[in-house]
Amino acid sequence: MMQLWDVEVKSRKIEIVLILAVLLASLPLILNYGLLILSSFSTEMVTNLDPTSFRPTIDNWILLFEGRLSVTGGVREDVVRYTINTAIVALGVAGVVVLVSVMAGYAMSRMNFKGRSLIMQLILLLHAFPGVALIIAVYLIFRATLPSDIELARIYSFAYVIVARAALEIPMSIWLIKGFFDRVPWEVEWAAIIDGASRLRVWREVMLPMVKPGIAAIAIFAFLAGWEDLIYVRTFLFDRTLATYIESNINVEFAYMPLLAAAGTLYLLPTILFFILTQRLLLETSTGGIKG
Amino acid sequence: MVSVRLEKVTKKFGKVVAVNNVDLEIEEGEFMALLGPSGSGKSTLLYLIAGIYKPTSGKIFFDDHDVTNLPPRERNVGLVFQNYALYPHMKVYDNIAFPLKIKKVPKEEIRRKVFEVAKLLRIEHLLDRYPGQLSGGQQQRVAIARALVKEPQVLLLDEPLSNLDALLRVSVRSELKRLQKNLGITAIYVTHDQAEAMALADRIAIINEGVIQQVDLPEVVYNRPKNMFVGGFIGNPPMNFVEAGVEYNETVKLIVGEDSVWLPQEYIEILRKLKLQKVVLGFRPEDVLVLKDESQVEPGSSVIRGEIFTVEPMGREVLLTIMIGETMVKVYAPPTQYYSMGDKVFLQINPAKLRLFDPDTTIALEYLVKT
Amino acid sequence: MKRNVFSTNKVQLLIFLLPAFLIVLLFYIIPIIITVYVSFTPMRNWNIDKYFNVIVGLQNYNRLFSLITRDPVARQVVVNTIVFVAITLVINVLGGLGLALANFFIDERVSTGFRTLWLLPRMTPIAVYGLLWYYFFHGSNIGMLNSIAMSLGLIKKPIAWGQEVIPWGPWSIIIIVNGFVGVSFGMVIFYSALKSIPRELIIAARVDGASNWKLTTNILIPLLRWHLLFVTTWQLLSLLTTYAHTFLLVEWGVVSRTYGQTWALYVFNTAFGRGEQDQGLAAAAAVILVIFGAILGWITVRALGFNKMITKPKGDI
Ligand SMILES: Nc1ncnc2c1ncn2[C@@H]1O[C@H](COP(=O)(O)OP(=O)(O)OP(=O)(O)O)[C@@H](O)[C@H]1O
Ligand SMILES: [Mg+2]
């Protein structure tokens, strides 16, 4: 492959021009992300591009974890708890999405039945479905089924938000994981069937280990989807997450903006981490990952 | 062990007829080779026997038991796939143990059986590795071990040696034959390598475009091919075919170009019965004497004139490509003579070995009269 | 011995499909039915007990129609939607194509970095992504845009771009914010399509002396026809239905409610927003969106031949 490219008469000059052009287009992104992170370590926001505003400090982070919104303020915000709540939702969504799509994706890829092609197309359609049209009724069902006991209701709201949010990711995940199943040679599955295994057993013991990268991909996408969510969390969840924390505290006085920048950076951290660690997997499979 | 019988089995994939009305019986303990070119339906036939495919029509029997609608796991067959299909995430030990684990065989017994079969196939030292860490030959043995460990009634092998180098192939194939005979398993062995089929099989079934062409002992398939396809498929290089006219006088002889070819008595009688005006003359490259000089021709024997087109020394022999009129034939000659391009030569075909085919049906004449 | 293979296969199939079926039933099919039903009720303030059993026929649809024709705010929603969808769509498709092509021609290692960066907005928590642009368009001098514009001498004092520059201020903001998210979809699809073009084809063109530009217009883009169509229709659908990012921009006052609200957001705000919540009206607006989306989606799926991508499983087991 390398040699093939070598014959190409690639122009170094054009390449540099292209790199600069993309860099220029990326500038708002780079600045936005960079300055958010930088501001979280500064006593003043540095988003005004004024280097003199940058006075390094880690007070923002200390205040954040102390749960204070200002140096003097008495309001206690349990940010650790919010982070845990966010993680519970994200992990829950990932779990539900993986379990459901790994089962359905296998059937869609490997089992023949009437209407299979139609169902796959409808699933694709569900992915593009206006979520806002669903959320009204999904909330209505939530209201109607909410337990009256407050503790129970809290737990219920966690479970509900997880499954409801997972439902949005499942159609695309089914398509995605089906593609991974499609690539497993039939012979391997047949070998197991001839060896006497049932389809359930073939699925569990032979197929699942062979689509591990696919499972990782849909798990990461689903985790990030649960992690990033705002709308469902604010609509259904009784408890706060990092998203609703930021949402509701945005309009506190300017002096404490760097504290929210720290909250934002904290919230962004897992996303960035996944991006660095699983760059390839994300780039290769992201086409199906989430809505465009 | 069981015998396997296919009755009018047809398998269609949409419009493609992969297996066409096949009748085939493999006896108990027999080693049957299934030989045919790529895409002829060999794998499909095996999968039908294993139960992965259901026939579009026809029936399959193990002994007298109709298994046509039985799922694979109730047929107790072992199948070695063309690409081995080992479970890549399991160690060799677990690969081999898998069928027993499914059957809920006790752990200790699994252990004993896996080691036993591993020893048989000389892969005991590999049990701790993953398939990805094995050579093609080793993987193939693991696949065979996995198929054997459950003591199948029928062993199906789909070109298991095709990925091995020539040397290893020869040694593994004799090992395979010994194994099959020792265990007494009914085996069907798919290959498109005829040397392999000849060396291994009790009988050979030749298949083309989903149709069984001939089922017989290796030497019969070689010496008395049922039709031009079989003759042209078996042998390396395969049988030569030359069109010939037939002259009926006090005797019957063939006319090739300006030359006449005398026929053995058997064929004279057949031709008198069939009264064909044209036949195809078939002969194998090794059944010909190449004479450089007309004076060498024994009186009373018949020769065909030709011109040397290419000369390929092969070590023990020389392979000559000779033009007879417009037709190209390949023949072996001893390397003691010096041949060069453009030489005029005389081909003297061993009359006992020549074959005649009907140009319309391509069937060998002796089979035409028999049926 | 079990003889009945087919029935056991059916059972296994049902087990595999059951969880997905339940989810689709509970979170898609039943909600759709309820939404349609609610659009025929006077449901407001989530007062289910009081309004769920009251049917008012097409009243909500009539109200919606008269609002659009008479109420300037509601009419603005339609205008906003059209402007937002049309412009963002063009930006997303062309931007995605441009990014994919640029990345295609530059060194793989550099392009991996770029592509990851551009994928980031899509995966960034909505609240954080909103926060970034909140700072960027902030109406005070901490806003990045304001400080740039001021240091260039374009403006004298900070401007609340999304509130004061009407209507193009809020429009530009929602277009930019959603554009940076949407553009990566096209980029990823086009890039992977470009990568799968046989290299011989490209090398042959190079040997013939084709420039990057010629190569792009004569060979690459024609080969991307299917993908262009797919990205365009798919983006159209998702732009029509997206609202989460804009929701925050409006809530935080980065953009004016009147000029920032698109149809999908209007549905959400009408059902869940501050003040009186009118679920009946919201449901009616949602149903119209669903009908539009379903027709468009189905045409897309059929026209793009997704059914041909679904190959039949092998074997008869
Ligand atoms: N699942 C399938 N769907 C459609 N056509 C098929 C399928 N499996 C096989 N075929 C077709 O049936 C014919 C026989 O295929 P088969 O795999 O049995 O050939 P083969 O003799 O094993 O060939 P090879 O030596 O290449 O392995 C071929 O024309 C093939 O294209
Ligand atoms: Mg085959």
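Keep in mind that what you see is a predicted model, and the values were worked out from it rather than measured.
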Examine whether an atom of [X] lies under 4.5 Å from a heavy atom of chain A, and if so say whether it belongs to the side chain, the backbone or both; otherwise answer neither.
X	answer
C:L13	both
C:L289	both
C:V290	both
C:I126	both
C:F268	both

Please classify the contact of [X] with chain C as side chain, backbone, both or neither, using a heavy-atom distance under 4.5 Å.
X	answer
A:P171	side chain
A:L31	both
A:L134	both
A:I193	side chain
A:V17	neither
A:A25	both
A:L140	both
A:Y106	side chain
A:I123	neither
A:S53	neither
A:I119	neither
A:A166	neither
A:I14	side chain
A:R110	backbone

If you count heavy-atom pairs under 4.5 Å with chain C, which of A:T86, A:L23, A:L118, A:L122 comes out on top? A:L23
Quick one: of A:I246, A:L35, A:T265, who has the most non-hydrogen atom pairs under 4.5 Å with chain C? A:I246
Check whether any side-chain N or O of [X] sits under 3.5 Å from a backbone N or O of [Y] as a donor-acceptor pair, and report yes or no.
X	Y	answer
C:Y28	A:F129	no
A:T271	C:T124	no
C:W252	A:E247	yes
A:E15	C:D107	yes
A:T47	C:M144	no

Tell me whether A:F274 at atom CZ has more than 12 heavy atoms from other residues, nucleotides or ligands lying less than 6.0 Å away. yes
Pick from C:P121, C:S184, C:G253: which one has the most heavy-atom pairs with chain A under 4.5 Å? C:P121
Residues C:F16, A:F113; criterion ring-ring contact (aromatic ring centres under 6.0 Å, His included); working and verdict: CA-CA 13 Å; C:F16 279 116; A:F113 53 93; over 10 Å; no
Which heavy-atom pair separates C:M123 from A:E228 by the least distance, and what is that distance? O-CB, 4.2 Å
